[in-house]
Amino acid sequence: MEDATIHDVLNGPATLGDQKRVRGWVKSRRTSKAGFSFVAVNDGSCLADLQVVADQGLPNYQEVTALGVGCAVEVAGQVVASPGKGQSRELRATQMRLVGPVADPETYPIAKKRHTFEHLRTVAHLRPRTNTFGAIARVRNGIAQAIHGYFAKRGFVWVNTPIITPSDCEGAGELFRIAGPTGDGFFGRQTYLTVSGQLNVEAFCLAMSKVYTFGPTFRAENSHTGRHLAEFWMIEPEIAFADLGDLADLAEDFLKNVLGEVLERHAEDLAFFQARVDANVVTRLENIVTSSFARLDYGEAVDILQNAGATFEFPPQWGRDLQTEHERHLTERHAGGPVVVTNYPKEIKAFYMRQNDDERTVAAMDVLVPGVGEIIGGSQREERLAKLDERMAADAKEDLWWYRDLRRYGSVPHAGFGLGLERLVQFVTGMDNIRDTIPFPRAPGNAAF
């Protein structure tokens with residue numbers, strides 16, 4: 001008897017007549033008066049459940065008729081054509097064994113019914129058993145694999161940057177402080193959980209030309225909205241001998257390739273999200289893959305918004321950051337597709353972004369997409385030490401002496417961007433709350449699991 005996943009049985013390489021053994025969890029069971037039990041089993045390998053047909057000839061048939069939702073089972077049998085609607089194959093059981101019972105079916109929190117996402121967040125350890133969160137997990141994995149594959153094919157080196165850092169990369173002050181077993185001095189100085197791997201990965205960029213970091217980052221922002229997490233994953237590529245135009249080209253190519261691969265490999269899960277979560281999921285992704293990204297200067301974008309004839313909650317004004325309502329207007333109404341906005345006012349951007357010749361703006365960019373707004377943010381880095389020092393605070397110069405060194409020893413023009421994995425998963429799946437795009441969400445007041 002050969003082991004197989006449910007994906008193998010339903011979609012190949014298993015063929016009709018094969019003897020297979022599968023293992024998984026019961027999603028439902030019904031028993032007919034004719035002496036048959038129909039048990040839907042899922043092992044997480046695909047969205048679809050495998051229908052297992054057990055008849056009263058099984059020695060433990062009475063045990064089968066008592067199976068409830070959530071029980072873990074092992075089933076051996078023959079793959080046969082299914083007469084039922086919506087399924088081409090089923091498994092005719094010759095053996096069926098209960099591996100893990102549900103101790104108290106009355107208290108099992110994932111019953112065979114629709115649960116609100118709010119409820120499922122309270123049982124995050126069990127929500128992967130639902131169709132929605134199983135599909136999110138597969139899509140999230142597919143996105144991560146596509147990202148690594150994209151960079152590997154193009155000669156990028158994956159660099160693991162520190163999670164513990166003495167530096168505030170963004171300068172926003174939203175850091176989690178670390179106190180070791182001997183207090184704040186465990187590392188000889190105050191340290192924090194990182195908000196970005198960018199500064200560290202720049203050191204490798206200026207030695208290896210094309211690098212990226214992909215890991216957890218942290219923000220101590222006391223926000224309770226569905227757009228913020230205290231812990232999330234960031235993808236941050238960095239390229240040497242490159243300017244802002246090169247970076248915009250990379251961001252566009254990156255998004256098109258990653259989303260194209262997800263469309264190709266996760267059609268079943270995306271069809272589920274389109275049917276149950278967001279009717280525009282597939283169309284939105286296809287439009288990104290096939291569109292040419294429009295490019296607008298920040299000043300041009302502000303002019304477009306000011307002359308749009310639309311009423312905004314936050315009136316657009318030069319010198320202020322674009323809000324989500326502005327970004328969505330630019331993508332959904334003005335361009336009808338993705339937009340790259342470049343050259344933001346330097347006063348609203350980080351110290352490490354390259355100053356433009358007008359001395360008012362920096363070589364920064366945001367990639368905006370319909371339905372979400374900003375999905376990628378990046379910049380050309382300031383490679384000139386004198387210009388970098390103009391915008392660095394005195395304490396930052398002392399803390400980031402090594403970062404300044406990079407501008408003293410063989411500095412070159414270079415650029416990079418950041419993309420939050422959860423934001424991308426949210427865009428791909430259409431999920432409304434970002435806390436549903438990560439296995440165990442960390443947010444103010446919530447670190448239960």
Side-chain angles (χ1 to χ4, degrees), residues 1-115 120 123 125-138 141 266-269 271-272 275-276:
M1 187 69 65
E2 186 179 61
D3 290 337
T5 66
I6 288 173
H7 178 274
D8 290 341
V9 172
L10 294 177
N11 302 295
T15 59
L16 297 179
D18 285 352
Q19 297 289 326
K20 298 292 182 182
R21 177 170 48 231
V22 300
R23 302 175 178 92
W25 291 266
V26 174
K27 298 292 285 292
S28 67
R29 176 196 51 78
R30 61 184 178 87
T31 299
S32 73
K33 295 180 179 179
F36 291 92
S37 277
F38 302 91
V39 185
V41 180
N42 190 281
D43 65 357
S45 62
C46 62
L47 179 69
D49 302 328
L50 174 64
Q51 178 167 278
V52 175
V53 181
D55 64 37
Q56 56 190 352
L58 289 179
N60 62 338
Y61 182 69
Q62 291 304 312
E63 183 179 87
V64 172
T65 62
L67 291 173
V69 176
C71 291
V73 295
E74 178 183 271
V75 187
Q78 184 179 39
V79 180
V80 298
S82 175
K85 292 182 179 180
Q87 56 195 17
S88 61
R89 298 174 176 185
E90 59 189 29
L91 195 67
R92 182 77 60 168
T94 55
Q95 298 175 8
M96 195 162 186
R97 181 171 69 90
L98 175 64
V99 177
V102 170
D104 184 357
E106 294 299 319
T107 63
Y108 184 62
I110 310 293
K112 189 190 174 184
K113 67 176 184 179
R114 278 199 179 188
H115 296 283
L120 292 174
V123 287
H125 59 305
L126 293 172
R127 69 178 182 171
R129 300 187 187 187
T130 66
N131 287 339
T132 300
F133 288 91
I136 290 171
R138 285 186 295 272
N141 173 70
H266 293 276
E268 181 186 38
D269 290 319
F272 169 81
R276 302 290 289 273

Shortest non-hydrogen separation from [X] to [Y] and the atoms involved:
X    : Y    : value
A54  : Y61  : O-CE1, 3.6 Å
A135 : D269 : CB-OD1, 3.5 Å
P101 : C71  : CA-SG, 4.2 Å
M1   : A76  : CE-CB, 3.9 Å
R129 : Y108 : NH1-OH, 3.1 Å
I6   : C46  : CG2-SG, 4.0 Å

Can you tell me how far the [atom1] atom of [X] sits from the [atom2] atom of [Y], to the nearest 0.5 Å?
X    : Y    : atom1 : atom2 : answer
H115 : T132 : NE2   : OG1   : 11.0 Å
Q78  : E90  : CD    : CD    : 11.0 Å
T15  : R89  : OG1   : CZ    : 7.0 Å
R30  : F38  : CZ    : CZ    : 5.0 Å
L16  : S88  : CG    : OG    : 7.5 Å
L126 : F133 : CG    : CZ    : 12.0 Å

Please tell me if the side chains of [X] and [Y] come closer than 4.5 Å, counting only heavy atoms from C-beta onward.
X    : Y    : result
L98  : E63  : yes
V41  : D49  : no
N11  : D8   : no
M96  : L67  : yes
V73  : V39  : no
V69  : V102 : no
E268 : H7   : no
I110 : L120 : yes

Note to self: Using a 3.5 Å distance criterion without hydrogens, assess whether the side chain of R138 forms a donor-acceptor pair with backbone atoms of H266.
What the structure shows: no
Next item on the list: Kindly say whether T5 contributes a backbone atom to a donor-acceptor pair with the side chain of D43 at under 3.5 angstrom?
Entry: no
Notebook entry, point to check: Under the criterion side chain to side chain donor-acceptor pair (under 3.5 Å), which of T65, D55, T31 is the partner of S37?
Noted result: T31
Notebook entry, point to check: Is it the case that T94 and R92 place a side-chain donor and acceptor less than 3.5 Å from each other?
Noted result: no
Note to self: Can you tell me which residue among R21, K20, E74 is in a side chain to side chain contact (heavy atoms under 4.5 Å, CB included) with D3?
What the structure shows: R21
Next item on the list: Please report the C-alpha distance between V79 and L91 in whole Å, then the side-chain angles of each, then the deciding distance to 0.1 Å, and finally whether the side-chain contact (heavy atoms from CB on, under 4.5 Å) criterion is met.
Entry: CA-CA 5 Å; V79 180; L91 195 67; 4.0 Å; yes
